[in-house]
2 protein chains.
Amino acid sequence: MTDRILVIEDDQRLGTQIVEHLREAGFETLWRTAGELILPGALPGFSLLVLDLMLPGKHGLDILKHLRTYSQVPVLVLSARTSSADKVRAFKLGADDYLTKPFWPEELIERVRARLRRPAMQRGEPLRFGGLELDLGARLASVRGKPVELTRVEFDLLAALAQRTGEAVTRKWLADNVLDPDKEGTERTLDVHVSRLRKKLEGEELIETVWGIGYRLRGGSPR
Amino acid sequence: MTDRILVIEDDQRLGTQIVEHLREAGFETLWRTAGELILPGALPGFSLLVLDLMLPGKHGLDILKHLRTYSQVPVLVLSARTSSADKVRAFKLGADDYLTKPFWPEELIERVRARLRRPAMQRGEPLRFGGLELDLGARLASVRGKPVELTRVEFDLLAALAQRTGEAVTRKWLADNVLDPDKEGTERTLDVHVSRLRKKLEGEELIETVWGIGYRLRGGSPR
DNA sequence: GCGATCGCTTAAGGGCATCTTAAGGAGGGG
DNA sequence: CCCCTCCTTAAGATGCCCTTAAGCGATCGC
């Protein structure tokens, strides 16, 4: 199972660069530009967080501090501040590593790898949506505590929606990314999988139809 | 339980300083000036190794490389070399962190702390999964107390799954990491090993098939 | 309200991933 | 040089589940 990494970086250029390198290195990467997007419900599923503290100063550290009240996810801090005091402050707030800008992408990758090499923390926390629990690493799902057997496509489909909670995902995107992209007539196939998925998640009306667009997963709840 | 830290540093001034700060921070510290002193028998008992690569160049990296053949102890590397290539090389050889000289002792302390915050790793204790007991160090396995003879590949395969308990591990990853990575048609080979492994672990249905993905070891002691 | 479009459900068929068994061959120890 | 262990390869059997098709139901534009 590939590790999922969340990158919080408001600089477009740097963000693009980081994400590109991480993907090249084989990591599944999600890039957000605002620290506010680190919500309790959004973090589960990620193995590591790359957090740029930005320049405004305290802002980034506040995010980190708050984050540590509800999550133990490993955090690699990026910052332009090179002073010892700044680093110490970040570490004391729970940072796992601290990299000063500018840096070489190769070093970032290796530091991420070094952090993930340790098996104990490798697994992201399971995602939760109402009565649904989704463990991306184990590829296991359960509804209200009861395990639910999902096929490969069913799981991938659910995971794809789960990673873009509240967002309407187009049929085309799902067909291209979850199903075999080579196939043509995958439109109807998708219906079938969604149908079966809904039946298996009986009782939980999580997958909403967005008419003429695709589907949307009802928002996750912060455990 | 205070953590014990081994420091390899040949510079007297710097060594004194490091040890002083570590002790001040509450760590039990042992200081050696020669890397040769990192013997397989000496390492157990230490939670972390601070390793100065010194200037002579390759010497320190060789120590690290050799070390990794028999120990998984976390290693924080100190070095005067600041280039990206040097850092990447160290990480690839298994370093967990890399600090360039000169540095502030506070940062070293915090990096050591950040590293030790994470759950203590396997300290030689055997892993347990249901009736299976797996000693990675001794390469011994037993089922319900009875020793089971595993071949090299079988043990590595089981160990690979065990170190990622509960996680769905892809066939490709297993083929690349457990079997000879150069080979091409290793897909079928994997089946055979899994099959034999299951037979030897008779009674314990530990290795689950994740259809279309790979395999998963049923969780015994998760995270 | 009506037709057209889009989505849902059920059922059936077959492709293909996986399992098992058997035999070939490489490497190490005696 | 022979034997033994064990990794690999091959081939056939098994059955999972992806896809396709077809009819019904829902929704939208007018």
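Letters A, B, ... mirror the listed sequences (proteins, then strands); counts begin at 1.
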Strictly below 4.0 Å: does A:R188 bring a side-chain N or O up to OP1 or OP2 of C:dT9?
no
Compare side-chain N and O positions of A:R152 against OP1 and OP2 of D:dC16 and report whether any pair is under 4.0 Å apart.
no
Gap separating the CZ atom of A:R115 from the OG atom of A:S47, nearest 0.5 angstrom:
13.0 Å
Just to be sure I understand the rule, does B:V192 reach a base, reach only the sugar-phosphate, or reach nothing, if contact means heavy atoms closer than 4.0 Å?
base
Judged by modelled atom types alone, do B:S83 and B:R89 share a side-chain donor-acceptor pair under 3.5 Å?
no
Respond yes when some side-chain nitrogen or oxygen of B:Y215 is under 4.0 Å from OP1 or OP2 of C:dC19, and no when none is.
yes
Considering only nitrogen or oxygen atoms on both sides, find all protein atoms under 3.5 Å from nucleotides 27-30 of chain C and state each distance.
none

Would you indicate, yes or no, if C:dC19 has its OP1 or OP2 atom less than 4.0 angstrom from a side-chain nitrogen or oxygen of B:R198?
yes
Given A:D96 and A:R68, is the salt bridge (charged side-chain N to carboxylate O under 4.0 Å, His left out) satisfied, shown in steps?
CA-CA 12 Å; A:D96 289 89; A:R68 275 289 173 255; 3.2 Å; yes
side-chain N/O B:K199 vs C:dC19 OP1/OP2, d < 4.0 Å
no
Find which nucleotide of DNA chain C each of B:V210 and A:G212 is nearest to by heavy atoms, and output the residue with the more 5' nucleotide.
A:G212
Measuring to OP1 and OP2 of C:dC8, would you say a side-chain N or O of A:T209 lies under 4.0 angstrom away?
yes
With respect to the phosphate group of D:dC17, does any side-chain polar atom (N or O) of A:T151 fall under 4.0 Å of OP1 or OP2?
no
It should be established whether A:S195 places a side-chain nitrogen or oxygen under 4.0 Å from OP1 or OP2 of nucleotide C:dT10.
no
Below the 4.0 Å mark, does C:dC8 have OP1 or OP2 next to a side-chain nitrogen or oxygen of A:H193?
no
